Each structure stands twice: as structure tokens, then as C-alpha cells.
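Report on the structure given below.
Computed from a predicted model, the values in this text were never measured in an experiment. We count ligands from 1, going down the list as the structure has it; atoms in each ligand are counted the same way.
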Amino acid sequence: MFNSLVRGLKCRLCGKAYPVQPLNFCTEDFGPLEVDYDYESIRPLISRDKLAARPGTMWKFRELLPLDGEPTVGLQVGGTPLVPAPRLARELGVRSLWIKNDAVNFPTLSFKDRVVAVALSKAREFGFRTVGCASTGNLANSVAANAAASGLAAYILVPADLERAKILGTSVYGARLVGVRGTYDQVNRLCTQIAFKYGWGFVNINLRPFYAEGSKTMGYEIAEQLGWRLPQHVVCPMAGGSLIGKIAKAFQELSLLGLVEATSWRIHGAQAAGCSPIVTAIKNHWETHRPVKKPNTIAKSLAIGDPADGYFAAKVIRDSGGWGEEASDSEIAEAMTLLARTTGIFAETAGGVTLAATIKLIEQGRIGRDDEVVVCITGNGLKTQDAVADLLEAPAIINPSLEEFDPLVTEDGVLVRQAAEELQPAGV
Ligand SMILES: *Cc1c(COP(=O)(O)O)cnc(C)c1O
Ligand SMILES: [Zn+2]
């Protein structure tokens with residue numbers, strides 16, 4: 001049905017064209033392949049009004065996603081809130097700040113549900129019965145859940161030292177989960193061999209060109225939720241470096257299609273100090289990253305030492321006039337609690353990385369005090385609870401008696417009670 005809207009795959013280095021197929025690299029130069037669209041045919045099919053009339057999932061942007069037919073996996077994914085955060089903005093000293101909250105994405109509470117919905121729908125179009133992934137945790141959760149829902153067999157490989165919640169939140173769906181003693185890069189290399197030997201559809205390996213396109217929907221939603229305009233600044237976490245490039249691609253496509261005015265925007269990348277190959281490249285003005293051999297950070301979801309899209313992520317940041325910042329383990333935990341206390345949003349460690357980086361970018365003046373910024377929160381704090389456990393006050397334990405409760409009431413409690421009394425109509 002939308003077949004004609006995709007021209008094929010194209011090498012991001014040499015531009016060589018390939019027909020649509022489960023292949024992620026150019027056979028000439030090993031450059032990554034990307035989906036190539038026919039934007040002139042797409043232009044008349046979508047408008048702000050048409051999009052407004054569609055259900056609020058990521059699939060409202062289906063003409064800009066690489067499926068031939070209707071999606072068959074992850075039909076409810078996307079449409080997450082863009083939350084104004086005035087209390088956090090005041091705390092950080094910027095004019096306007098929004099949280100794009102993919103911590104509540106359906107079904108597995110991270111932005112990975114977007115990429116998996118596209119990759120597994122495409123896997124079914126290609127006729128794969130068995131799928132898989134190499135994962136730092138969230139992708140494992142999402143592939144397992146969405147494969148279970150659509151009756152695909154799934155083989156999932158992760159570094160063996162992942163958080164308990166991410167392990168449990170994968171095996172519960174019945175996926176075959178393998179913990180590998182090694183880094184993510186070693187897991188990824190093994191998965192490349194497995195995909196080739198067994199002919200399976202690995203979402204972030206041979207299906208990667210299609211998988212990656214799902215991330216664009218986070219960018220489209222930000223623009224639509226701002227009332228069809230682009231924000232001045234976006235801060236985005238980076239692991240393999242794919243999401244940040246796809247948010248940028250989304251903004252470029254919306255401008256090209258006339259859905260937003262082509263105003264200027266900057267995109268900034270965030271990584272953990274214990275694994276920051278892309279940020280280090282930005283800070284040193286290197287054209288591309290140098291791999292980190294032994295990642296060491298509590299932000300395990302971002303711990304990719306040799307990011308597949310590192311070169312392109314660094315380029316998109318530079319081209320937009322953005323910057324990169326990193327966060328130590330303690331800065332990550334502090335930022336997670338700051339976000340929770342000022343916005344009511346509990347993000348995972350990656351969210352702590354992104355907010356901590358945002359704070360540094362504001363302090364450096366790279367994000368101006370009068371500017372507006374969207375902070376991308378990509379995963380849920382319930383999956384990485386240990387990161388903040390030590391920072392939080394333990395609850396007071398009392399017997400069920402009012403006398404034991406009374407001494408616990410602080411000033412704010414008394415004030416709230418008075419305010420409530422003033423609001424109560426007399427005699428009620
Ligand atoms: C995977 C992941 C990212 C980054 O994804 P890339 O596209 O590989 O850069 C960011 N945040 C969370 C929580 C993730 O799981
Ligand atoms: Zn090439």
C-alpha cells in the first residue's frame with residue numbers, strides 16, 4: 001500500500017542504492033544503510049489536519065516509516081506526553097523546559113518500543129519467524145514483549161551483569177534470554193555471527209535500517225505537541241548514537257515537507273562519564289569516536305563502547321551547533337531525584353544522564369537562560385531503582401497511633417491543612 005513511498009536502501013557513506021532487504025551495511029565500503037524515501041510522493045499524503053485526525057500513536061506518521069503494508073506489531077506504541085516542567089525550568093534557570101516522556105511508552109516503558117514496532121512489523125513482511133537482538137536492557141524488554149504479543153520466537157543476548165529488573169522484564173515474556181560474559185560490543189559481534197548463521201531477523205543488526213526509522217517518531221511528536229514548530233534545543237541520550245540522528249532527521253523531514261517552519265535548532269548529546277566515546281569526540285573536535293574498551297557506569301542502557309552510529313551522531317551534533325556533555329554516577333543519581341521531585345517523573349539512569357548533561361549545558365551558556373529546551377527521557381526509573389536507593393530517606397515506621405504520627409508533621413503539612421480549611425465552604 002505504501003510501497004511506492006520507499007525508494008530502497010542507500011549507503012550513508014557512498015550513496016550506493018540497494019533494494020529493500022534485511023541488510024545493514026554497504027557491500028562496497030561497509031557503510032551503514034539507510035531507508036531512502038520519495039518525499040515528493042509523501043508530500044500530498046500528509047498535512048497537519050490529516051495527522052490531527054489520526055489516532056495518537058507513532059503510526060500516525062506511517063508514510064514516513066518503511067513498511068509496505070499496515071503495521072502488525074506494536075500498534076499502540078508512541079503518543080507519549082510532552083510535559084511542561086516549569087518547576088524544573090525555574091530550578092535550572094531557563095525560560096521553558098519540556099520533558100518528552102518515553103518512560104511511559106507502551107508496552108515496556110522505554111523509547112525502544114518505537115524501534116521494535118517498526119523492526120518486527122518489517123520482520124514479518126520479510127517472513128522471519130525468529131527474531132532477536134543484542135541489547136543493553138531496554139531493547140531486550142521490548143523485543144521480548146512485542147515478539148510474545150505477535151507470536152514470533154525471540155533470542156535475546158545481553159551482557160550478563162545487567163540490572164535484575166531488565167533481566168526479569170525480558171524472561172517473563174518467554175523469550176530465550178542469554179547473558180554473555182562480556183561487554184555490549186562483544187555481545188553485538190556474537191549476534192552478527194548468529195544472525196548470519198541461522199538466518200534470523202536481528203532488529204539492531206540486519207534489520208537496523210528499518211529499526212532505526214522508528215526513532216524518528218519521537219521527533220515528529222515533539223514538533224506536533226509544540227503546536228507544529230521545532231524547539232530551540234533538544235538534549236538526547238546516546239548509546240549507539242541512532243536516536244539522536246533520527247530526531248534530527250525527523251526535524252529535517254518536517255521542514256522539507258512544509259509541516260513546520262524551518263527555524264534553527266540545536267541538538268545536544270548526553271553520555272555517562274564511564275562510557276562517553278561520542279561526547280569525548282565532540283569535546284576534542286575529533287571527526288569520529290574512539291572506542292571505549294571497558295565501560296564503567298550505572299547507566300548500563302547507554303554503555304556501548306563502540307557506537308555503530310558514533311560518527312553520524314557526532315556529525316549531526318556539530319552540524320546543528322550543539323554540544324556533548326557527560327555525567328558521573330553520582331551526578332546521574334542526583335539528577336534522577338531532581339527530576340522526580342520537580343516533575344513527578346521517575347526516569348531510569350539514562351534520564352539522569354540526560355538531565356545532568358542539560359544542567360551543564362545551561363551552566364556553560366550553550367543553552368541560554370532565555371531559551372527553550374526539550375529533554376528526552378527515554379526509560380523508566382522502576383527498572384533501575386538501585387541507582388537512587390542510597391540517596392532516599394527511609395520511611396518512618398510507627399505504630400498505628402495518632403500520637404506517633406503527630407511529631408512527624410512538618411511545616412508544609414500544617415500549611416496545607418490550613419489552606420484546605422480556607423477552601424472548605426462553611427458548614428460542610
Ligand atoms: C537504547 C537507549 C538509548 C539510546 O539509543 P541509541 O539509539 O542506541 O543511541 C537511550 N536511552 C535508553 C533508555 C535506551 O535504552
Ligand atoms: Zn557504501
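Counting only N and O atoms by type, the side chains of Tyr37 and Glu63 include no donor and acceptor under 3.5 Å apart. Side-chain atoms of Ser41 and Arg7 include no donor-acceptor pair closer than 3.5 Å.
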Less than 3.5 Å apart, which donor and acceptor atoms pair up between the side chains of residues 289-304 and the rest of the protein, not counting sequence neighbours?
from: His289; atom 1: NE2; to: Asp306; atom 2: OD1; distance (Å): 2.8
from: Thr297; atom 1: OG1; to: Ala299; atom 2: N; distance (Å): 2.8
from: Ser301; atom 1: OG; to: Glu348; atom 2: OE2; distance (Å): 2.6

If you look only at distance, which donor and acceptor atoms sit under 3.5 Å apart when one is on a side chain in residues 103-112 and the other is two or more places apart or in another chain?
from: Asn105; atom 1: OD1; to: Gly78; atom 2: N; distance (Å): 3.0
from: Asn105; atom 1: ND2; to: Asp102; atom 2: OD2; distance (Å): 3.4
from: Asn105; atom 1: ND2; to: Ser110; atom 2: O; distance (Å): 3.3
from: Thr108; atom 1: OG1; to: Asp113; atom 2: OD1; distance (Å): 2.6
from: Thr108; atom 1: OG1; to: Asp113; atom 2: OD2; distance (Å): 3.2
from: Ser110; atom 1: OG; to: Lys112; atom 2: N; distance (Å): 3.1

Go ahead and list the nitrogen or oxygen contacts between ligand 1 and the protein that come in under 3.5 Å, distances to 0.1 Å, or just say none.
from: ligand 1; atom 1: 7 (O); to: Ser242; atom 2: N; distance (Å): 3.4
from: ligand 1; atom 1: 7 (O); to: Leu243; atom 2: N; distance (Å): 2.8
from: ligand 1; atom 1: 8 (O); to: Gly240; atom 2: N; distance (Å): 2.8
from: ligand 1; atom 1: 9 (O); to: Ala239; atom 2: N; distance (Å): 2.9
from: ligand 1; atom 1: 9 (O); to: Gly240; atom 2: N; distance (Å): 3.3
from: ligand 1; atom 1: 9 (O); to: Gly241; atom 2: N; distance (Å): 2.9
from: ligand 1; atom 1: 9 (O); to: Ser242; atom 2: N; distance (Å): 3.4
from: ligand 1; atom 1: 11 (N); to: Thr378; atom 2: OG1; distance (Å): 2.6
from: ligand 1; atom 1: 15 (O); to: Lys112; atom 2: NZ; distance (Å): 2.8
from: ligand 1; atom 1: 15 (O); to: Asn138; atom 2: ND2; distance (Å): 2.9

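Glu224 pairs in a salt bridge (Lys or Arg N to Asp or Glu O under 4.0 Å) with only one of the listed residues (Lys60, Arg229, Arg48), which is Lys60.
Here the side chain of Glu125 pairs a donor or acceptor atom with the backbone of Gly69 at under 3.5 angstrom.
More than 12 heavy atoms of other residues, nucleotides or ligands shown are found within 6.0 angstrom of OH on Tyr39.
Look at Lys100 and Glu221 and you find a salt bridge, because one of the NZ, NE, NH1 or NH2 atoms lies within 4.0 Å of a carboxylate O, short of that distance.
Classified by interplanar angle (parallel below 30°, tilted 30° to 60°, perpendicular above 60°), the ring pair Phe126/Phe210 is perpendicular.
For the Zn ion (ligand 2), the set of protein N/O/S atoms nearer than 2.8 Å consists of Cys11 SG, Cys14 SG, Cys26 SG, Asp29 OD1, Asp29 OD2, ordered by chain and number.
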